[in-house]
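Working notes, beginning with the structure itself.
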Amino acid sequence: MKNIRNFSIIAHIDHGKSTLSDRLIQLTHIVSDREFQDQILDNMDIERERGITIKSQTVCLPYTAVDGKQYFLNLIDTPGHVDFSYEVSRALASCEGALLLIDASQGVEAQTLANLYLALEHDLEIIPVINKIDLPSADIERVKKQIEDDLGLDPETAIMVSAKEGTGVEDILEGVVRNLPPPSGDADAPLKSLIFDSHYDAFRGTIVHFRVIDGTIKAGDRIRFMSNSTKSYKVEEVGIFQIVRVPQKTLSAGQVGYMIAGIKTVSDTRCGDTITLDKTPCVKSMPGFKEAKPVVFSSIYPVASDGYPELVTALEKLKLNDASLIYEKDTSVALGFGFRCGFLGLLHLEVVQERLEREYDLSLILTAPSVQYQLTLNDGTELVVDNPALYPDPTLIDSAKEPYIKATIIVPDRYMGAVMKLCLDRRGINKNYQYLTNDRLEMIFELPLSEVIFDFYDKLKSVTQGYGSFDYDLIDYRPSRLVKLDILINGERVDALSQLVHEERAVSRGRTACEKLKDEIPRQMFKIAIQGAIGGKIISRSTVSPFRKDVTAKCYGGDITRKRKLLEKQRKGKRRMKMVGKVMIPQSAFLSVLKTDGE
Amino acid sequence: MEKTIASPAAGIYIHIPFCVKKCLYCDFYSETALSRRSEFVSHLIEELSLRQSEYPVDTLYFGGGTPSVMDPDSIGTVVDTIRRLYRLSPDAEITLEVNPGTLDRTALDRYLAMGVNRLNIGVQSFNDKHLTLLGRVHTADAACRAIADARDAGFKNIGLDFIYALPGQSVQAVLDDLQRAVAFSPEHLSCYMLTVEPGTPLEHGVKSGDFTPLDEEQTADHFRLVSQFINTNGYAQYEISNFSRISRANGVDYRSKHNLKYWNHYPYRGFGPSAHSFIDNRRSWNHQTLDAYESSIDGGLLPVAGEEVLTREQQFTEFIYLGLRQTDGIDVQEFERRFDVSFYQWFQPVFEQLRPKDLFRNSSERCALTLEGQLIMDGICRIMVDRNLQPNL
Ligand SMILES: Nc1nc2c(ncn2[C@@H]2O[C@H](COP(=O)(O)OP(=O)(O)OP(=O)(O)O)[C@@H](O)[C@H]2O)c(=O)[nH]1
Ligand code: SF4
Ligand SMILES: [Mg+2]
């Protein structure tokens, strides 16, 4: 066990975690040059397209250190975006140490701090790493000062690297070996392993990712999950991750790897559960993980009217690989059967939609996302509502509360005014600000969550020219004046387009929603009237004009195939549309009503 | 199972890929390198001999491009080759597209002598301003002369092509063109609303703001005007853009027999670059460019760039689309025979949805569009080919 190190790479988004992982992977030769590609651990299509990490990934690096001994370094590359911090916290729970990366030109940013606190909560040993020292704009001295002042770490222990060019990467491996503790645990004790992730494989079924705390596990063992003593499974294969799965004879205390055990029922595997031997179980299960706390809610419906059963299995399988996803059954008059889902943010929502569509070949509609409101009815009943469809008759409501967050924004002081304006526009209250190092400010605001989930981060980035960073925590619920904004299409209320909004925002939201829908809904053969309404009162309207002329002038021998292909393409495009009444509404329209630009 | 159609007589299309100058709106394949004409003719003859006659042939159509830029003798050679190698019936409809400005009186005599019995003249407009706008090489005078010469030479079946809905064109200007056109009593009229095709200089001009196309409402008004005017002046519309003279006296049908084959899934074989063929439910198309076309033939290969065998669903889509383009509409019995479903039952939800708009002229034999239906027929087809996305099904 002395030759094992388990560590995560954590940082603010884009500071170079995955690039550094690449260099470590190359240095330890676990993939051939031919098979190597940049950001090799970002293996999902959406990760590659968006250039960000969404899932934590584990890889076991064999390394012979300067002391001549062979080590096994289990690295976990984590995502930097706030919406995926649940991935980070679970990674940290399976490690003894962390590399905290800081971009030499950006310095400490909001998630640098947030991730540092997370790592400290888990009592981890932390090695600061200053990355991107090759950049002309790198300012190492400034970052060292930030490490000391903002992070309270010893700048002398920081390792200088350029993950891009490979400078200093060897120092990291040595640093990990020397300065991070080996795992503690007892290989001879009864098996106790923590499930920190899993995924579904079409050929092998559920594949469990876990860390062995005590004991040893091997193929042929009969194991069970501590949360359910009635079911046991025979282990078919255990192994480690080295980009591909590499089977091993055994995995023992301190090791990280995977297990395949013929687990037929997808929902049997739960992240945070403890694996033990059926015959000689351990006494106490691992504490598991804190539940992820969703902040936005939206309903998912299949576009195809018979797509519900497929959606059920797809969600179950995706849940294996996304422990933060929660869902329950939902129905809509316009859209039929679906699920109400909770997400950690809007990016998380988009990722879930894309993964369901790509990995399970579904075509889905997501309704306008909402936060969770607390309502008190006249008769004293208390109610939590995140679904506009379940919003009670307003005359029955005594009072409403909405969730507030504490936002921490780190920004160069020249943008103070711009940030202030943005937050005040979003109904924010400035609580505090303080200088970090010389010209950098940490500003604290309290803001309604509903005002930040949609495009706050983008706006912040744009008003601060990319220099502002942001992190938030839910704090409490505060009184709010809430109304339900309905959308009528050709006079019919479309429940899936309704949203709950603050009274002050209602008119402008109604107007934007009508405008956005007008742009989203393709012209059809008849006029489409779009209206925004509160109760019986119409507050906004727009019209999609019908085609006056829609005919091809010429169609001879050479045109027919082309024309048919066009019809086929348009028909395929309709897979992403939903017929509501007589009107084709594209999938994208359901989310568009929330976009606030032009407000 | 695919069932064969009753009339197996095929058409032959010859694509002449040359023009004096490219018109601004044109997306047909043609070259202005006229020096390549003779080398092209020998390749064309070669292609003709690489194939064989699957069906008897009763229409032959020279299109392009501009067939009248060719030396009439080479057209004659092609016609002779076809007579020799293909079963061209003695009374076949043989059409030649000609452009005013590339036509002289003696050439017309020679065309007639070699068997060409139908001329299609690309007039486009009788307004010189509009001809310039379109980038045409000829003038209105030249067009009038060409028509007169053709009559004089003895052509009994003449078609004129027009383009309308031009940037800035008034309703009156459209009417002027039509009045002058019918004054010549052509047997056939094709009137196309101007389409901005991708990649053409016209599209470029629209993007850069040099041209402002008519808006949809104005274009629709032009379309209505054209249909009404021509239909009330001794002609009958038989396709979105095509009209033929009603000849009660001798009962002659002046519709283009050749073009009807395209819309009714009759067999046709296309020769020359970019030409399409459709034989026994298989559509194929030749290489787009002269270079690719010729080098393929030089290598002893058929110059085919691609082909497809239509699936049932594709046949279905084409049957609807091509049927509705025709004023007679879809042949309901033929549809039911081919696709083994009851037409009106199948499309009942579509008719239900569109009923308030009065777009169809339906009978037990035919499903056809009204003028208003024709104006939005692409949209109607989108709904029809996609019936299963309709509500309550
Ligand atoms: N110049 C320079 N660029 C770097 C270096 N390391 C990473 N980058 C670039 O920084 C960008 C982000 O790198 P990633 O490795 O994807 O960053 P990440 O921290 O994994 O990002 P997330 O996973 O989305 O949080 C990429 O364009 C990298 O090429 C470096 O040392 N020098
Ligand atoms: S003459 Fe006809 S084929 Fe030639 S460029 Fe003009 S429109 Fe196109
Ligand atoms: Mg990454």
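Just so it is clear: chains get the letters A, B, ... in the order the sequence lines come, proteins before strands, and each one is counted from 1.
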Find the distance between [atom1] ([X]) and [atom2] ([Y]) and round it off to the nearest 0.5 Å.
{"X": "B:Q218", "Y": "A:K549", "atom1": "CD", "atom2": "NZ", "result": "12.0 Å"}
{"X": "B:T317", "Y": "A:K563", "atom1": "OG1", "atom2": "NZ", "result": "12.0 Å"}
{"X": "A:R523", "Y": "B:I376", "atom1": "CZ", "atom2": "CD1", "result": "11.0 Å"}
{"X": "B:I383", "Y": "A:Q570", "atom1": "CD1", "atom2": "CD", "result": "11.5 Å"}
{"X": "A:F547", "Y": "B:L375", "atom1": "CZ", "atom2": "CG", "result": "12.5 Å"}
{"X": "B:E372", "Y": "A:R548", "atom1": "CD", "atom2": "CZ", "result": "10.0 Å"}

Counting only N and O atoms by type, is there a donor-acceptor contact under 3.5 Å from the side chain of [X] to the main-chain atoms of [Y]?
{"X": "B:R325", "Y": "A:T552", "result": "yes"}
{"X": "B:W285", "Y": "A:T561", "result": "no"}
{"X": "A:D550", "Y": "B:G379", "result": "yes"}

[X], [atom1] atom: more than 12 neighbouring heavy atoms under 6.0 Å:
{"X": "B:R51", "atom1": "CZ", "value": "yes"}
{"X": "B:E307", "atom1": "CD", "value": "yes"}
{"X": "A:K518", "atom1": "NZ", "value": "no"}

*With only heavy atoms counted, which part of A:E568 is less than 4.5 Å from chain B, the side chain, the backbone, both or neither?*
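Looking at A:E568, just its side chain touches chain B.
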*Pairs of heavy atoms under 4.5 Å with chain A: top-ranked of B:Q314, B:R283, B:E217*: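 Winner by heavy-atom pair count: B:Q314.
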_For the interface with chain A, which of B:F28, B:F223, B:W263, B:Y13 has the highest count of heavy-atom pairs at distances below 4.5 Å?_
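Highest number of pairs under 4.5 Å: B:W263.
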List the atom of [X], the atom of [Y], and the distance in Å for their closest heavy-atom pair.
{"X": "B:M377", "Y": "A:V551", "result": "CG-CG2, 3.5 Å"}
{"X": "B:Y262", "Y": "A:I560", "result": "O-CD1, 3.5 Å"}
{"X": "A:A553", "Y": "B:S241", "result": "O-OG, 2.7 Å"}

Under 4.5 Å from any heavy atom of chain A, what part of [X] do you find: side chain, backbone, both or neither?
{"X": "B:N286", "value": "neither"}
{"X": "B:D215", "value": "neither"}
{"X": "B:I240", "value": "side chain"}

*Toward chain A: residues of residues 191-200 of chain B with heavy atoms under 4.5 Å*: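 Within residues 191-200 of chain B, the residues under 4.5 Å from chain A are B:Y192, B:M193, B:T195, B:E197.
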_With a 4.0 Å cut-off on N to O distance, would you call A:R564 and B:E308 a salt bridge?_
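A salt bridge is present here (some side-chain N lies under 4.0 Å from a carboxylate O).
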*Would you please test B:K261 and A:Y556 for side-chain contact (heavy atoms from CB on, under 4.5 Å) and show each step?*
CA-CA 9 Å; B:K261 293 193 193 295; A:Y556 297 106; over 6 Å; no
